[in-house]
Amino acid sequence: MRLPKGLAMAALMLLMVMTFFDILLRSTVNAPIEATTELSRILLMFVVFAAMPEVTLRGTHVAVDLLAPVLDRVGFARIEGLILIGSAVLMVWPDQKILTLAMRSKSYDDMTEFLHIPTYLPALCVFAFMVMTTACFAIAGLWLLLTGYSFGFERREAKEW
């Protein structure tokens with residue numbers, strides 16, 4: 001899981017640097033970077049979708065467990081495992097749709113406006129990260145069902161506001 005996480009971190013850093021220089025050039029010499037919009041979309045896609053597999057596997061996403069105290073008595077980890085497996089099953093549909101859209105984009109030879117990047121390439125990257133996320137949902141769910149323990153995190157109590 002280090003490669004997707006590294007890609008997400010590199011994309012975020014590149015996004016920040018690009019935005020800084022775009023604002024600097026726009027403000028000082030009235031010459032913005034023309035391709036900033038499409039690069040921002042592509043880099044943001046990497047930030048979001050490349051981080052999803054690890055977030056899913058580790059369970060470090062934001063969660064509100066309103067029923068956790070009640071469900072702890074009946075084995076909350078097992079119920080959470082079933083929810084994760086159900087989520088993996090539901091993720092198959094968007095995975096297929098993303099692949100269909102990527103292949104359609106490839107068949108039309110769609111390109112981005114400024115850099116002429118084939119639009120199916122970012123879509124295939126999203127597809128790959130989504131498939132990895134689906135697999136992580138299934139793995140984490142099975143692990144919770146079989147062991148009752150989750151990967152790499154301890155459940156913490158919510159802080160009072």
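Worth saying up front: this structure is predicted, and the values here are computed from it rather than measured. Sequence positions, counted from 1, serve as the residue numbers for this chain.
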Could you give the distance from [atom1] ([X]) to [atom2] ([Y]), rounded to the nearest 0.5 Å?
X	Y	atom1	atom2	result
Leu39	Leu115	CG	CG	5.0 Å
Leu142	Ile85	CG	CD1	4.0 Å
Phe127	Met103	CZ	CE	8.5 Å
Leu124	Leu101	CG	CG	11.0 Å
Leu3	Met132	CG	CE	7.0 Å
Leu144	Glu80	CG	CD	5.5 Å

Give the C-alpha distance, both sets of side-chain angles, the deciding distance and a yes or no for side-chain hydrogen bond (donor to acceptor under 3.5 Å, both in side chains) between Ser105 and Thr119. CA-CA 6 Å; Ser105 174; Thr119 57; 2.3 Å; yes
Hey, any chance [X] and [Y] share a hydrophobic cluster, counting ILVMFWY side chains that come within less than 4.5 Å of each other, even indirectly?
X	Y	value
Val126	Met9	no
Leu90	Val55	no
Val17	Leu12	yes
Met45	Met130	yes
Met13	Val47	yes

Can you sort out the partners of [X] under side chain to side chain donor-acceptor pair (under 3.5 Å), two or more places apart, ordered by chain and number?
X	answer
Thr100	none
Asp110	none
Arg26	Asp22

Does a side-chain heavy-atom distance below 4.5 Å link [X] with [Y]?
X	Y	answer
Pro4	Glu54	no
Phe49	Cys125	no
Tyr120	Tyr108	no
Met16	Phe20	no
Ile117	Ile42	yes
Leu99	Asp95	no
Phe114	Glu34	yes

Main-chain N/O of Ile33 paired with Thr36 side-chain donor or acceptor, under 3.5 Å: yes
Under the side chain to side chain contact (heavy atoms under 4.5 Å, CB included) rule, what do Phe129 and Leu7 come out as? Steps first, then yes or no, please. CA-CA 11 Å; Phe129 294 133; Leu7 283 172; 3.9 Å; yes
Please report the closest heavy-atom contact between Ala123 and Ile98, naming both atoms and the distance. O-CG2, 3.5 Å
With a sphere of 6.0 Å drawn around CE of Met111, does it hold more than 12 non-hydrogen atoms of other residues, nucleotides or ligands? yes
